[in-house]
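Structure first, commentary second.
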Amino acid sequence: MAKNITDPRDDFARWYQDVIREAELADSAPVRGCMIIRPYGYAIWENIQASLDARFKETGHRNAYFPLFIPESFIRKEAQHVEGFAPELAIVTHGGGKELEEPLVVRPTSETIINHMFSRWINSYRDLPMLLNQWANVVRWEMRPRAFLRTTEFLWQEGHTAHATEEEAREETLRMLRIYADFAENVAAIPVIPGKKTEREKFAGAVDSYTIEAMMGNGWALQSGTSHYLGTNFARVFETTFLDSGNEQQYVHQTSWGVSTRLVGGVIMVHGDGNGLRLPPRLAPVQVVIIPIARDESSRARVLEAASALRESLKIRGVRTELDDSEGSSPGYKFNYWEVRGVPLRLEIGPRDLEEGQVTASPRNDPGREGKFSIPLASLPEDVPGILDRIQSEMLLEARRHMEENTHTVDTLAEFSESIAERPGFYSVWWDGGPEEEEELQRETKATVRCIPLDQPEGTGRCIMTGRKTGTRVILARAY
RNA sequence: CGGGGCGUGGCGCAGCCCGGUAGCGCACCUGCUUUGGGAGCAGGGGGUCGCCGGUUCAAAUCCGGCCGCCCCGACCA
């Protein structure tokens, strides 16, 4: 076990904080609930952004930016929306040394102000669909913050679209959910369960909310992305209408969807181990680190020369490579330093390797001496991308195995209650309950309905709460 | 907001019970020797002990109040 990092099996929450500190991902801020994202942590977020942004653009969305401040009256317009967000709003009452005539809400999300603008921009069916996204910060006052997972201010992207028909908007909602799922699995190497939220768990103001739920290392669930079909709820209160081809005024059908810096927390908790962070190559700010090892001055020069030549040949191939030629710390120290930071592949190059015409490779997902192997210098630049791909898919497989091994099927509340206490994980159960049953379930077991998976099995059974016959299965779990 | 814990160099802690003017490990700086899994030795810098008040010749230590942070619960991406 690495120095300064708690064994995750002993205390997962403490381990999580240790990793964030030791890998220099974030630091606490002077204001409670806020956090400083440090350069290394921010670089991970930038890779998430780049990858998602490309997917948004490919599907026809454009980026825009809407203001941080929203007139308080906007938030009040949609009844469910106010009710959902009222307790967590930050409100500005003074500006320029004077009390404001109307208080300004620091955006918790932007549906209202975006609808305000949509109603001006959308006139005809020819203006639709309107497909926008913004990368922004939002504020939701938090009772109990956790780094990355739940902070008062956080960074996210929020997509907002308007469509002529319900069918089109519903397609968009699911299209974006699939994009999130694809990103989670293929870039972040996090397997997810896409599904629909229950009435109790859905976004305030939405008709239907969808989610991708991921399982963390301790068996808890993390809502890792959401996509909402908003119907005409906001269009009605903001008069977002268009003239259809039959010259009739219609309300637009809308969607909104988002992922946040919470994903960084998910990456930590899905992949991290007792030695610190582990990053999937496609998200890693540094994919390969080269550690030169020199015994004396003469070998030092040769080793450094070979190491920097290696770095250049990898960089040319688009591999994000760092050469740690800092002096004053031993190779062993550097091994650990970069391991804690989760760099997927380390290449060690020393006099012995040079004589053999090779380097020693150590993949982060198979740490220690046992996982090391040699790569001939001659073929190394061509080999590395393949090795990174292999690490990427191994990490996804490992995470998927963890999720599957900790997903259980139970048929009764008693069985569930007993089982989740001992083995936290996902539990698939028959369900026909409403909000009251969900509350009761949470009171008794601390678990919540994470989602109604899109992928439903055949057959029917009896709801674990009501005993009624149903064809619907849901996933229950403890959640962050 | 309820329950529990903690505030002492940058980080982690000891000292507090039994008052006497602050110490350890890591990190940091300098020099030499080192370098294949967190190097060694020598020297060095850095803290008005969370804040305010009280008791006392004397407070990190005792007393009162306040503030903050962390963990566990209710709200949430």
Side-chain angles (χ1 to χ4, degrees), chain A residues 1-6 11-14 16-18 21-22 27-33 83-89 108-109 137-158 180 197 200-204 209 211-214 221-228 256-266 275-276 291-297 299-300 303 325-340 346-354 356 359-360 362 367-372 374 439 442-443 446 448 478-480:
Chain A
M1 210 59 51
K3 257 192 212 170
N4 306 327
I5 297 181
T6 306
D11 187 341
F12 195 77
R14 182 143 175 225
Y16 177 72
Q17 295 183 85
D18 290 345
R21 184 189 64 245
E22 292 297 312
D27 213 333
S28 57
V31 176
R32 177 181 158 74
E83 201 184 313
F85 281 108
E88 44 189 294
L89 292 180
T109 180
N137 58 338
V138 287
V139 167
R140 298 178 188 178
W141 219 259
E142 283 298 341
M143 311 285 258
R144 205 178 128 200
R146 279 177 202 264
F148 289 111
L149 302 176
R150 214 190 294 110
T151 49
T152 287
E153 179 190 10
F154 58 93
L155 305 183
W156 78 344
Q157 77 34 236
E158 46 180 324
Y180 288 154
K197 282 291 185 189
R200 181 170 182 253
E201 298 275 333
K202 80 176 186 190
F203 172 71
S209 288
T211 175
I212 51 172
E213 296 287 325
L222 184 75
Q223 179 174 317
S224 305
T226 48
S227 186
H228 314 288
S256 69
W257 26 274
V259 303
S260 71
T261 36
R262 168 180 270 195
L263 268 179
V264 177
N275 294 320
I291 310 290
I293 296 159
R295 288 225 180 72
D296 48 59
E297 278 311 309
S299 64
R300 186 179 166 77
V303 164
D325 56 2
S326 61
E327 291 179 40
S329 49
S330 67
Y333 179 88
K334 293 178 182 179
F335 294 171
N336 286 283
Y337 179 92
W338 292 101
E339 235 161 56
V340 168
R346 179 177 71 243
L347 300 176
E348 308 167 11
I349 182 164
R352 256 177 4 226
D353 294 302
L354 282 188
E356 306 283 334
V359 304
T360 302
S362 179
R369 288 197 180 80
E370 315 77 51
K372 290 189 184 185
S374 300
E439 267 171 49
Q442 184 167 13
R443 252 200 328 275
K446 295 176 184 168
T448 48
R478 285 288 296 268
Y480 277 101

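Below, chain A is the first sequence line, B the second, and so on; all start at residue 1.
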[X] side-chain N/O to [Y] backbone N/O, donor-acceptor pair under 3.5 Å:
X: A:R262; Y: A:L222; result: no
X: A:N336; Y: A:Y333; result: no
X: A:K334; Y: A:S326; result: yes
X: A:S209; Y: A:F203; result: yes
X: A:E88; Y: A:E142; result: no
X: A:S299; Y: A:D296; result: yes
X: A:Y180; Y: A:G258; result: yes
X: A:T261; Y: A:L155; result: yes

Touch class at under 4.0 angstrom, heavy-atom based, for [X] against every strand present:
X: A:E142; answer: base
X: A:Q17; answer: sugar-phosphate
X: A:Q223; answer: sugar-phosphate
X: A:G258; answer: nothing
X: A:F203; answer: nothing
X: A:I291; answer: nothing
X: A:R443; answer: nothing
X: A:T360; answer: base
X: A:K372; answer: base
X: A:S362; answer: base
X: A:P331; answer: base
X: A:T151; answer: base
X: A:D353; answer: base
X: A:G368; answer: base

Please state how far atom [atom1] in [X] lies from atom [atom2] in [N], giving the value in whole angstrom units.
X: A:I5; N: B:G38; atom1: CD1; atom2: P; result: 16 Å
X: A:E327; N: B:U30; atom1: CD; atom2: P; result: 13 Å
X: A:L263; N: B:A77; atom1: CG; atom2: P; result: 14 Å
X: A:R200; N: B:A74; atom1: CZ; atom2: C1'; result: 11 Å
X: A:L149; N: B:C75; atom1: CG; atom2: P; result: 18 Å
X: A:K334; N: B:G38; atom1: NZ; atom2: P; result: 14 Å
X: A:Y16; N: B:C70; atom1: OH; atom2: P; result: 13 Å
X: A:E22; N: B:G10; atom1: CD; atom2: C1'; result: 13 Å

Does a side-chain N or O from [X] land closer than 4.0 Å to OP1 or OP2 of [N], or not?
X: A:R21; N: B:C26; answer: no
X: A:R369; N: B:G37; answer: yes
X: A:Q442; N: B:C75; answer: yes
X: A:S330; N: B:A39; answer: yes

Among [options], which nucleotide has an atom closest to any side-chain atom of [X]?
X: A:E339; options: B:A77, B:G37, B:G36; answer: B:G37
X: A:F335; options: B:G37, B:C72, B:A77; answer: B:G37
X: A:V340; options: B:C72, B:G38, B:G36; answer: B:G38
X: A:I293; options: B:A77, B:G37, B:G36; answer: B:G36
X: A:E88; options: B:G37, B:C76, B:G36; answer: B:C76

When rounded to the nearest Å, what value does the distance between [atom1] atoms of [N] and [M] take?
N: B:C1; M: B:G38; atom1: C1'; value: 44 Å
N: B:G65; M: B:C72; atom1: P; value: 28 Å
N: B:G4; M: B:G47; atom1: P; value: 37 Å
N: B:C24; M: B:A14; atom1: C1'; value: 7 Å
N: B:C32; M: B:C70; atom1: C1'; value: 44 Å
N: B:G43; M: B:C67; atom1: P; value: 47 Å
N: B:C26; M: B:G64; atom1: P; value: 38 Å
N: B:G31; M: B:G15; atom1: C1'; value: 34 Å

Near A:W156 CH2, under 6.0 Å, is it more than 12 heavy atoms from other residues, nucleotides or ligands?
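Yes, enclosed.
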
Counting Watson-Crick and G-U wobble pairs only, both distances under 3.5 Å, name the nucleotide matched with [N], or none.
N: B:G12; result: B:C24
N: B:U34; result: none
N: B:G43; result: B:C29
N: B:C1; result: B:G73
N: B:G19; result: none
N: B:G68; result: B:C6
N: B:G53; result: B:C63

Heavy-atom donor-acceptor pair, A:R150 side-chain to B:C76 base, under 3.5 Å
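Flag set: donor-acceptor pair detected.
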
Ignoring hydrogens, what is the shortest heavy-atom contact between A:P367 and A:N275? Give both atom names and the distance.
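That would be CG-ND2, 4.2 Å.
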
Relative to the 5' end of RNA chain B, which residue comes earlier, A:G33 or A:K202, by the nucleotide with the nearest heavy atom?
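Looking at the nearest nucleotide for each, A:G33 comes out on the 5' side.
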
Starting from the 5' end of RNA chain B, give me the residue, A:Y333 or A:R262, whose nearest nucleotide shows up first.
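Looking at RNA chain B, the more 5' nearest nucleotide goes with A:Y333.
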
Flag as yes if A:Y337 stacks onto the base of B:G38 (centroids under 5.5 Å, planes under 30°), otherwise no.
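According to the criterion (under 5.5 Å, under 30°), no, A:Y337 does not stack.
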
